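This report refers to the structure that appears directly beneath it.
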Amino acid sequence: MKKTLVAAIILAGCAGMTDRSDSENTAKALALMQASFKESGQAKLDRLVQDEVQRVCSEYSGSRPVPKDVAAAIEKSQLATIKYPADGKYLGDWKNGERIAQTGVGMQFSDTAGAAAGGNCYACHQLSKEELSYGTIGPSLYNFGKLRGFTPEMQKYAYGKVYNSEAYSACSNMPRFGHKGILTEQQLRDVTALLMDPASPVNK
Amino acid sequence: MTPIQRGILALFLAAPAAALAQQPLTAVEEIERYRAALADGNPAELWEARGEAIWKEKRGPKNASLEQCDLGRGPGVVKGAYTVLPKYFKDTDKVEDLESRLVSCMVMLQGFTPEQAKKDPYGSPGKKVAMDALVAYVTSESRGMKMNVATSHPKEAEAYELGKKMFYFRGGPHDFACATCHGVDNQRIRLQDLPNLTKQEDAQKAYTAWPAYRVSQGELRSFQWRLYDCFRQQRFPELEFVSPASIALTMFLAKNSNGGTFNAPSIKR
């Protein structure tokens with residue numbers, strides 16, 4: 001009994017020390033970065049200021065999985081950020097969606113500020129069967145709608161997932177395309193159509 | 001564009017397109033095959049030769065060459081120097097990678113101001129810069145040798161830990177970190193294989209292949225440039241040349257590649 005308690009205290013002590021030096025390193029790394037980047041074009045230094053999701057997800061990476069309660073809190077807060085189209089129409093034009101999925105241009109310091117950005121979906125996902133040059137960082141989305149059913153609920157889910165992926169999968173690698181203003185509402189609808197329109201090549 | 005560059009480009013454009021008609025894996029294998037074929041006539045040799053001449057040339061206010069520069073294995077030792085970088089240097093009291101060390105030597109030995117030494121970090125069409133050439137020359141003198149980066153000095157150990165933090169730092173409009181693309185095994189972006197840079201085997205393969213002659217750009221690209229351009233695509237602001245963060249991140253990646261055989265300047269698409 002006594003031995004266990006002593007061991008627990010020692011363990012707690014060690015963990016405390018590790019956490020302290022770890023958070024010191026986090027602060028030092030941030031200071032180092034702030035001194036090492038300069039603003040360029042549309043990429044200002046405020047891009048190094050993390051929001052809460054970025055901060056927490058940076059801590060739980062590598063071999064440290066996100067604890068369940070932390071993940072639940074992130075998903076709850078991020079779900080609340082999703083702004084659905086006022087008219088309730090989630091599907092746009094899948095052909096535009098395909099174009100958005102193909103291009104990754106936008107928001108780099110080398111890009112024209114204010115020009116329409118792409119979603120670059122193919123960088124990480126398989127979508128249509130025809131496009132063979134796709135990445136594997138995310139799961140295959142081939143037959144996304146066909147497998148899940150072309151229901152209004154699923155349309156809403158797909159729109160929300162592209163809008164803010166953290167709402168459904170805490171610390172996902174996927175950008176929050178709506179929440180961060182990368183894609184416009186119409187672009188989000190078009191990408192949702194690529195996933196959910198029965199006529200889209202994704203569902204062929 | 002020279003006829004050689006046009007030929008190389010044609011090969012790259014034709015080969016993957018033909019392979020794509022079959023299946024993705026074949027395309028990757030095809031790209032590997034053409035990379036191997038191209039390595040025979042790597043234009044990086046032009047940068048290496050020019051770099052050696054610049055290394056020996058008397059330049060700057062002190063009209064001195066860089067031949068007495070200590071790159072980490074003693075003054076004047078170029079052979080194998082890149083395999084021990086980044087490294088702590090007593091004379092500057094800093095951890096320095098190759099590019100920052102070259103800047104320090106240009107300042108200390110040749111009398112340039114730091115601003116002058118850092119002025120032209122990367123070449124572009126029609127503008128050849130000394131830094132690229134020097135990087136090509138020095139790194140070529142480590143070809144075939146094993147990476148052996150130390151973190152025994154406290155400042156080296158700290159650079160490694162801060163570089164690791166940077167690697168996992170998510171930020172910008174896309175929430176990207178280095179780890180987003182380079183923290184998991186066997187992933188691809190489009191058809192490009194992504195090395196897991198936290199793993200020794202992948203880090204060795206990736207780190208030992210830089211600097212590289214980029215066929216698509218017609219330029220020799222240093223490791224500083226590689227990081228600068230990664231952060232551009234990460235949607236971060238601009239990483240400053242030889243900045244402390246760039247050196248810390250290089251330390252993390254270089255140390256992870258220890259034991260790997262250095263094989264650059266290489267050639268890449």
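Here the structure is a predicted model, which is why all the values come from computation and not from measurement. All heavy atoms count here, side chains included; hydrogens, waters and symmetry mates do not. In what follows, every chain begins at residue 1, and chains take the letters A, B, ... in the order their sequences are listed.
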Quiz item: If you tally heavy-atom pairs under 4.5 Å against chain A, which of B/E240, B/Q233, B/R190, B/Q187 wins?
Solution: B/R190
Quiz item: So A/F37 and B/F236, would you call those rings parallel, tilted or perpendicular, with 30° and 60° as cut-offs?
Solution: tilted
Residue [X] versus chain B: region with a heavy atom under 4.5 Å:
| X | answer |
| --- | --- |
| A/I182 | side chain |
| A/S172 | backbone |
| A/E131 | side chain |
| A/Q102 | both |
| A/K38 | both |
| A/E166 | side chain |

Quiz item: Looking at A/P175, A/G135, A/S36, which makes the most heavy-atom pairs under 4.5 Å with chain B?
Solution: A/S36
Self-check item: Top contributor to chain B interface from A/G104, A/A29, A/S61, A/G138 [non-hydrogen pairs under 4.5 Å]
Solution: A/S61
Quiz item: Atom CZ in B/R232, atom OG in A/S110: separation rounded to 0.5 Å?
Solution: 4.0 Å
Practice problem: Kindly compute the distance separating CD (A/E39) from CD (B/E238), expressed to the nearest 0.5 Å. | Solution: 10.5 Å
Exercise. Would you mind checking which part of B/T180 comes under 4.5 Å of any heavy atom in chain A, side chain (CB onward), backbone (N, CA, C, O), both or neither?
Key: both
Quiz item: Non-hydrogen atoms of chain A under 4.5 Å away: do they reach the side chain of B/F167, the backbone, both or neither?
Solution: neither
Exercise. Compute the centroid of each ring, for B/Y228 and then for A/F109, and state whether the two points are separated by less than 6.0 Å.
Key: yes
Do [X] and [Y] make a side-chain contact, defined as non-hydrogen atoms from C-beta onward lying under 4.5 Å apart?
| X | Y | answer |
| --- | --- | --- |
| B/M166 | A/M33 | yes |
| B/F169 | A/L30 | yes |
| B/L194 | A/I137 | yes |

Quiz item: In terms of side-chain heavy atoms, does B/R170 have a donor or acceptor partner in A/S58 at a distance below 3.5 Å?
Solution: no
Quiz item: On the ring face of A/Y134, is B/R188 found with NZ or CZ under 6.0 Å from the centre and within 45° of the axis?
Solution: yes
Quiz item: Checking B/E161 side chain against A/D22 main chain: does a donor-acceptor pair fall under 3.5 Å?
Solution: no
Quiz prompt | SB check B/E158 A/K28 (cutoff 4.0 Å) | solution = yes
